[in-house]
Amino acid sequence: MSKRVGVEVSIACADAVGLCDVDVVAAYPITPQTHIVEHLSELVAEGHLDAEFVPVESEHSAMSACIGSAAAGARTFTSTSSQGYALMSEICYIASSLRLPMVMAVANRAISAPISIWNDHADLMFARDVGWIQLIGEYGQEVVDLIPIAFRIGEDKRVLLPVQVNLDGFTLSHVIEPIIMPEKAEIQKFLPPYKPQLRLDPENPVTMGPVGMPEVYTEARKAQDEALNNSKAVIQEVFDEFGKQFGRQYKLVETYKTEDAETIIFSMGSISQTAMSAVDHMRSQGKKVGVVRLRVFRPFPAKELFDAIKGAKNLVILDRVTAFNGGEISAPVALEIKSVLFDRKHHPKVGNFLVGLGGRDVTVQNFEEMVEKVAAAKDGELGPYQFINVRE
Amino acid sequence: MGIASEALKNFKGFNLKNLPDVEPLSPGHRACQGCGEVLALRLAMKAIGTNVVVCSATGCMEIITTPFPQTAWRVPWIHVAFENAAAVVAGVESAYKVLNRKGIIKQPDTVFVAYGGDGATADIGIQALSGAMERGHNFLYMCFDNEAYMNTGIQRSSSTPYGAMTTTSPPGKMSIGQSTWKKDLPSIAVAHNIPYVATASPAYPVDLMNKAKKAVMVPGPAYLHIYSPCPTGWRCGIDESIEVAKLAVQSKVFPLYEVIDGVYYLSRKVAKPKAVADYFKPQRRFRHLTEADIKKIQERVDADYEALLKKCVEPEKKEKEIKGTEMSVRLDGA
């Protein structure tokens with residue numbers, strides 16, 4: 001049985017990638033992703049991991065090399081953040097359209113300008129429409145566990161899609177947490193060797209990435225859309241198998257003290273831990289508050305999310321990105337949740353708060369303020385969204 | 001002896017009697033009539049053979065060969081985007097390396113080829129190419145240079161020659177046409193200290209095939225810069241591609257040479273050069289140029305050729321060192 005030891009989450013994340021017998025890592029350094037790729041290159045240099053580490057000259061080439069590697073049948077990993085994601089994004093769309101499994105850890109960071117190396121979810125939101133599966137870790141153990149889970153989901157022949165594992169930059173990537181590192185043999189049992197459906201092989205030539213004329217483009221996109229839609233069931237199945245084998249059970253949507261909650265805070269990532277502390281504090285004052293967080297943002301688990309929030313009168317929805325949409329509609333996370341509510345003709349009071357941008361702390365007091373604002377608001381007072389903890 | 005010379009010491013060149021039968025790029029593709037680029041690509045692929053993975057940049061050679069559900073490729077082929085063929089091939093090569101090492105596959109002799117047009121190579125993809133060459137991946141990159149963005153409709157690239165008319169370098173009262181001199185891509189490749197760099201032309205098919213073959217025999221990065229006549233973009237006759245390609249070499253505009261382990265060897269010495277004006281004549285992209293313009297270009301071509309000759313070792317020395325190179329020159333005739 002593995003022991004729980006204190007380790008930096010980035011290092012543990014890289015060790016987890018190593019446990020997955022990854023074949024090729026192509027990566028370019030960017031803060032705050034660096035510790036992940038540095039440790040992977042160390043593992044290769046020391047002979048602990050038999051892989052090719054390709055130190056490419058840009059994130060754009062990182063994703064391009066990952067596509068080449070995955071298309072040639074290798075288990076492939078990369079990692080990036082923020083501007084690096086933005087640079088590689090053109091190619092990220094193609095990775096998912098070519099249906100090539102690979103895993104990318106994204107140490108979430110704000111997008112310029114002003115340039116900021118600190119954490120928010122601008123890159124995570126930016127990446128929501130590139131056709132990848134998006135998993136979001138809240139704490140170190142979860143990040144470690146999500147790496148083999150991500151490979152297993154992406155390589156499942158019912159899915160065949162690339163998978164992102166998001167972890168908050170610095171606030172999660174650079175903290176030391178108590179983590180149980182799974183045994184290699186256990187991971188090998190959970191994650192069988194990668195058997196590609198098709199690979200670039202002279203003995204069985206295929207053409208990948210052809211021209212799609214108007215007669216076939218829509219069909220190709222629909223097939224890809226269905227793959228992502230169908231992945232939801234596979235994700236839960238893989239979570240369950242992981243839970244059975246390792247004793248740590250994950251769900252698409254996590255709830256905390258929501259059974260009788262009148263107000264539910266909706267969050268994603270490491271900030272959810274502060275949200276839970278705030279809930280404990282408010283509960284001690286007799287306030288019925290709970291937290292819901294998503295572990296999976298794409299595919300968006302609408303049914304599971306609705307089941308988790310349908311009992312609440314008030315919703316506090318956090319967006320960790322600026323919307324830039326004209327100010328008359330909500331920011332992206334709230335927009336998606338409002339769409340879930342609209343489809344089900346359910347209309348709680350919704351406050352959408354833009355918080356924690358570019359590394360700004362979000363405190364227990366901020367959560368209390370948001371909960372109070374929504375509870376006290378009359379219909380229509382909350383507006384599409386508002387900033388919290390901001391100087392005018 | 002350098003690594004390329006070592007790898008090529010037993011090289012037996014193609015000649016008109018032993019041309020390979022294989023056609024990795026099949027007929028039936030949708031290239032324009034008279035396309036010199038697809039001809040060059042076909043010849044290179046014949047020489048490279050079938051134990052290959054090919055990575056294509058976006059461009060004419062991509063769209064004309066793979067309109068889904070059809071493909072002209074009989075070898076594994078992947079297209080990802082415009083600017084990244086060299087990065088994609090780096091990923092493929094890395095995957096093969098580790099999968100062979102781990103015993104997951106047993107394909108140690110497969111070769112890796114990326115190609116793009118001059119826009120994909122000289123402009124948008126130069127960073128990916130530079131990175132892949134610097135890292136030393138074992139691959140061949142072929143630039144099919146038709147001297148403009150032909151796939152999007154004849155826009156200028158940094159490989160468009162001085163004075164040429166394109167749709168974004170139109171001649172006019174205030175413009176000569178292309179106002180900059182052609183970027184010297186082979187020199188940029190040479191500056192990466194890679195083992196093999198060469199220029200080639202479909203007008204000299206055996207020479208082209210020998211160079212493609214050598215390029216994949218050499219371990220590490222190899223770069224082939226291939227002159228690719230485009231009647232559509234150059235406004236010449238569809239039956240004039242090869243004639244124009246010959247004139248390019250004979251007028252010293254596009255000299256054929258190899259750089260093996262950093263040493264330059266002229267593949268074809270132009271004894272009685274034709275005038276640049278003769279090369280321009282069949283091509284309407286140059287027809288607006290004045291005599292003074294052409295004189296200026298002639299001077300530049302002469303100077304560039306002299307500079308190249310100074311870099312090249314003597315042909316006799318070359319014959320001694322590199323078997324095969326000279327043979328390809330002899331068998332090409334003319």
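Reminder, nothing fancy here: chain letters follow the sequence lines and each chain counts from 1. Small disclaimer: the values here were computed from a predicted structure and weren't measured.
In this structure, no portion of A:Val25 lies under 4.5 Å from any heavy atom of chain B. In this structure, the portion of A:Glu90 lying under 4.5 Å from any heavy atom of chain B is its side chain and not its backbone. At a 4.5 Å heavy-atom cutoff, the contact between A:Ile94 and chain B is made by side-chain atoms alone. Only the side chain of A:Arg199 comes within contact range of chain B, with at least one heavy atom under 4.5 Å from a heavy atom of that chain. For chain A, the nearby parts of B:Glu62 are the backbone and the side chain; heavy atoms of each come within less than 4.5 Å. In this structure, the portions of A:Pro55 lying under 4.5 Å from any heavy atom of chain B include both its backbone and its side chain. If you measure heavy-atom distances from A:Val56 to chain B, the contacts under 4.5 Å come from both the backbone and the side chain. Residue B:Val80 touches chain A through both its backbone and its side chain, counting heavy-atom pairs closer than 4.5 Å. Only the backbone of B:Arg74 comes within contact range of chain A, judged by heavy atoms closer than 4.5 Å. Of the two parts of B:Thr110, only the side chain, counted from C-beta on, holds a non-hydrogen atom closer than 4.5 Å to a non-hydrogen atom of chain A. Looking at A:Ala26, there are no atoms closer than 4.5 Å to chain B (heavy atoms on both sides), in backbone or side chain. For B:Ile63, the parts lying under 4.5 angstrom from a heavy atom of chain A are both the backbone and the side chain.
Aromatic ring centres of B:Tyr96 and B:Phe112 lie closer together than 6.0 Å. For A:Phe190 and A:Phe242, the distance between ring centers is under 6.0 angstrom.
Highest contact tally toward chain A, considering only B:Glu83, B:Gln70, B:Glu134, is held by B:Glu83 [criterion: heavy-atom pairs under 4.5 Å]. Taking B:Ala87, B:Ala132, B:Cys55 one by one and counting their heavy-atom pairs under 4.5 Å with chain A, the maximum is reached by B:Ala87. Considering only heavy-atom pairs separated by less than 4.5 Å from chain A, the leading option among B:Ile105, B:Val53, B:Leu99, B:Val75 is B:Leu99. The candidate from A:Leu98, A:Asp50, A:Val24, A:Ile91 with the greatest count of non-hydrogen atom pairs under 4.5 Å with chain B is A:Asp50. With chain B as the partner, the residue from A:Gly209, A:Pro202, A:Ala71 showing the most heavy-atom pairs under 4.5 Å is A:Pro202. For chain A, the option among B:Ala90, B:Ala95, B:Gly91 with the highest count of heavy-atom pairs below 4.5 Å is B:Gly91. Chosen from B:Ser94, B:Pro69, B:Pro24, the residue pairing most often with chain A at heavy-atom distances under 4.5 Å is B:Ser94.
Using a 3.5 Å distance cut-off with no hydrogens or angles, the side chains of B:His137 and B:Glu93 do pair a donor with an acceptor. Remark: the A:Thr80 side chain and the A:Tyr28 side chain contain no N/O donor-acceptor pair separated by less than 3.5 Å. A donor atom on one side chain and an acceptor atom on the other are found under 3.5 Å apart for B:His79 and B:Thr58. At a cut-off of 3.5 Å, with distance as the only test, no side-chain donor of B:Asn51 or A:Glu203 sits close to an acceptor on the other residue. Neither side chain, B:Thr71 nor B:Trp77, offers a donor N or O lying under 3.5 Å from an acceptor on the other. Between the side chains of A:Tyr194 and A:Asp21, no donor-acceptor pair of N or O atoms lies under 3.5 Å. A:Gln164 and A:Tyr85 form a side-chain donor-acceptor contact under 3.5 Å, judged by distance and modelled atom types alone. Residues B:Gln127 and A:Ser61 bring no donor and acceptor atom of their side chains to less than 3.5 Å of each other. A side-chain donor-acceptor contact under 3.5 Å links B:Asn84 and A:Ser64.
Of the options B:Asp145, B:Asp184, B:Asp118, a side chain to side chain donor-acceptor pair (under 3.5 Å) to B:His225 is made by B:Asp145 and by none of the others.
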